[in-house]
Protein chains: 2
Amino acid sequence: MAVTIRDVAKRLRLSITTVSRALDGYNDVSGKTRARVIRTARAMGYVPSRAARQLRRQRADAIGYVIPGQAPYFTDPFSSEFIAGLGDAATSHNLDLLISTASPDSDAEHHIYARWTQSRPVDGIVLSRLRLKDWRAKYLAQNDFPFVAHGHARLRLDFPYIEMDSRAGFVQLVQHLSARGHRRIAYIGAPAKFTLQAERFAGYQQGLADAHLAFDATLVAESDLTRTGGYQAAQRLLDLNARPTALICVNDLTAIGAMRAARERGIVVGRALAIAGYDGTEDSEHTDPPLTTLRQPIYDTAQRLVEMLLDRVAGKPIVEPHVILQPELIVRESTTFDFSS
Amino acid sequence: MAVTIRDVAKRLRLSITTVSRALDGYNDVSGKTRARVIRTARAMGYVPSRAARQLRRQRADAIGYVIPGQAPYFTDPFSSEFIAGLGDAATSHNLDLLISTASPDSDAEHHIYARWTQSRPVDGIVLSRLRLKDWRAKYLAQNDFPFVAHGHARLRLDFPYIEMDSRAGFVQLVQHLSARGHRRIAYIGAPAKFTLQAERFAGYQQGLADAHLAFDATLVAESDLTRTGGYQAAQRLLDLNARPTALICVNDLTAIGAMRAARERGIVVGRALAIAGYDGTEDSEHTDPPLTTLRQPIYDTAQRLVEMLLDRVAGKPIVEPHVILQPELIVRESTTFDFSS
DNA sequence: CTTGACACCAAAAACGTTTTGGGAGAGTAA
DNA sequence: TTACTCTCCCAAAACGTTTTTGGTGTCAAG
């Protein structure tokens, strides 16, 4: 079928060993022979069998990522960009990227992690959207399986991660809004189990405190990080008697849904209502009006995570195992109107 | 390290063969022995090594998909939903899904397909966003590598695919617009090499002809299927002296970008300008105003493609190798205003 | 009693690599 | 010459499965 190393060796009248070592760049092969081998191998279209190599080296040369979505409607641009980053990094390191989908804490999720750690089709795993008590982190650490994460958990566990200081970001955002005269600032969040919710919500509260604004629980809604979720949550908030003048959303998707709810009520976003999101997705540039948001470098983060993971897999110490990045506040028309005037 | 079949056999004082055959459900193992084997294997946490199995069976139990994006900014919800469909289908068949990214006709793309066909980490490949002369289809067919496609190519090649009758969809869309009094209907398309462009453009032209409207080349713009691309293309069209009153976009993303261009010019979408897209992504529900679009069942299509691919891999004849689906016209406020009044 | 048929199991080959442990020959030093 | 060191190459083992081939009892039929 496919051309194997044996075919190449036979053609060259060399041993399999020599061909293998020549291709792998060992220095116990003469330059002439190596050149001959490489030329012939390429000419014959030889590519090592992945399975055989994996079996022998006990390494898969692949990494895995489980998209944390609720199928069939996961269309979060965060995931897309994250996957693009992982994919490109993987390719440039000659790795394969294995993808699966499972909603958080579902049976499917448990199953896939069990399979990946036992059957070892991947050398390491990238986690994203961590939960405060993330069973995945616990499980992988327990089984001594290499992994890195986007975001951290509140567990007595040490693992490499990159996270955004989204708390600081939201503090900054509240400040931005209060400086424009907003006094009733609402917040649409995510389920409490997610670390990102804990931090962003904390940032929101901290921001209120900094601005000497009272926290009002009725101005807080929980959603599910989707457009539709944001739409529904915003409906409730906008129908309050004392309507908020500003809406901080846990991510851009939520904000996009919220904008729709406002429009349906004839509330002009950017004038009668300020709305802000988080992520800095391309979507946010094209909303009406363009959305104020906190940008995080999703693609680059994904790439960097792969680097960290590879070090982890290789057993090398990781230079900077806990990276904390600052999100960048991007002010657009959805929040520029000054309410104090 | 991990527990192997040998360990299980030793524990049970059975041969490796028997353990293997018991687990695989052959009927030349007594029921009692089988039960014993299964129980012990589970208790010991035995999971067959993927690599060893692959090597021996000459099958990877995995399928591959290359995201046709321009990194780093691929955030097309089409891909997201497509991947979700592939992933779920793969999981339910106990397959792995390998993902890579490469922009069309790039070196990276050639490289990845070469590697996947030679090194065989996947049993089959799913293609999407076909090109008229798709080298991938040609290449895979030539190398007798199993694949299926979303959309077809204009090649003398027979392969299984599912495609949308987007031509008919666009005819219907033009009819919808002309019935509302639009006479200057513009079109923002994609690069000509894509099959989807050929078909949708043809539908647009056919629709004009059906409505006895003259085709005007200045009302046609080429874009790149992204929001930003749509934004730029729309700018040109909206700055024409004789401005179009309707804008048909090759996909939703393009339409979203176009809407922004209109807003920046103070043109009220839905009143002074009709805009329509294609795909029926969740995005389209939340734009301002909500976007008229042609919905295609991305997630279901992906799942069905996996089924077809598996038949192909197994060498089974495919019941219905060429599926053609009708997109569903979803009329929303972006095109409801009647110009003839 | 012999002959199959059947149920069960073991040994060994094979999949295609990488790695281990030399080994032949040439050159150099004593 | 002998002993030693390089340089270049190779045979064989190993990775963990599945599959092929064949062997041993037991039992029923002839």
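These figures come from a predicted structure and were not determined experimentally. Protein chains get the first letters and strands the later ones, always in sequence-line order, with residue 1 at the start of each.
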[X] with [Y]: basic N within carboxylate O range, under 4.0 Å:
X        : Y        : answer
A/Asp123 : A/Arg57  : no
B/Asp105 : B/Lys133 : no
B/Arg131 : B/Glu109 : yes

Looking only at atom types and distance, does a side-chain atom of [X] sit under 3.5 Å from a main-chain N or O of [Y], one as donor and one as acceptor?
X        : Y        : answer
A/Ser119 : A/Trp116 : no
B/Thr40  : B/Arg36  : yes
A/Asp134 : A/Arg136 : yes
A/Arg50  : A/Asp61  : yes
A/Thr101 : A/Ile67  : no

Output field: ring centroids B/Tyr161/B/His150 closer than 6.0 Å =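 No, the ring centres sit 6.0 Å or more apart.
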
Flag yes if more than 12 heavy atoms outside A/His111 fall under 6.0 Å of its NE2 atom; otherwise flag no.
->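 Result for NE2/A/His111: open.
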
Flag if over 12 foreign heavy atoms under 6.0 Å of CZ, A/Arg11 =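 Not buried by this count: 12 neighbours or fewer within 6.0 Å.
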
Let me know, please, whether B/Gly31 or A/Arg59 comes out on the 5' side of the other along DNA chain C by nearest nucleotide.
->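 Taking each residue's closest nucleotide, the earlier one in sequence belongs to B/Gly31.
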
When you check every protein heavy atom under 4.0 Å of nucleotides 15-21 of chain D, what one-letter string (B, S, -) results, 5' to 3'?
-> BBBBBB-

I'd like a list of close polar pairs between nucleotides 22-26 of chain C and the protein, N/O only, cut-off under 3.5 Å.
none

Between the axis at one end of the helix from C/dC1-D/dG30 to C/dA30-D/dT1 and the axis at the other (five pairs apiece), what's the angle to 10 degrees?
->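 Inter-axis angle at the termini of the helix from C/dC1-D/dG30 to C/dA30-D/dT1: 70°.
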
Between C/dC8 atom P and B/Leu12 atom CG, what is the distance in whole Å?
->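 So the two atoms are 16 Å apart, to the nearest Å.
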
May I have the distance from A/Lys10 (atom NZ) to D/dC10 (atom C1'), rounded to whole angstrom?
->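 From A/Lys10 NZ to D/dC10 C1': 16 Å.
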
Phosphate-side-chain proximity, A/Ser30 and D/dC8, N/O vs OP1/OP2 below 4.0 Å |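 For D/dC8, OP1/OP2 do not have a side-chain N/O of A/Ser30 under 4.0 Å.
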
Does OP1 or OP2 of D/dC9 have a side-chain N or O of A/Thr18 closer than 4.0 Å?
->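 It does not, given that no N or O in the side chain of A/Thr18 lies less than 4.0 Å from OP1 or OP2 of D/dC9.
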
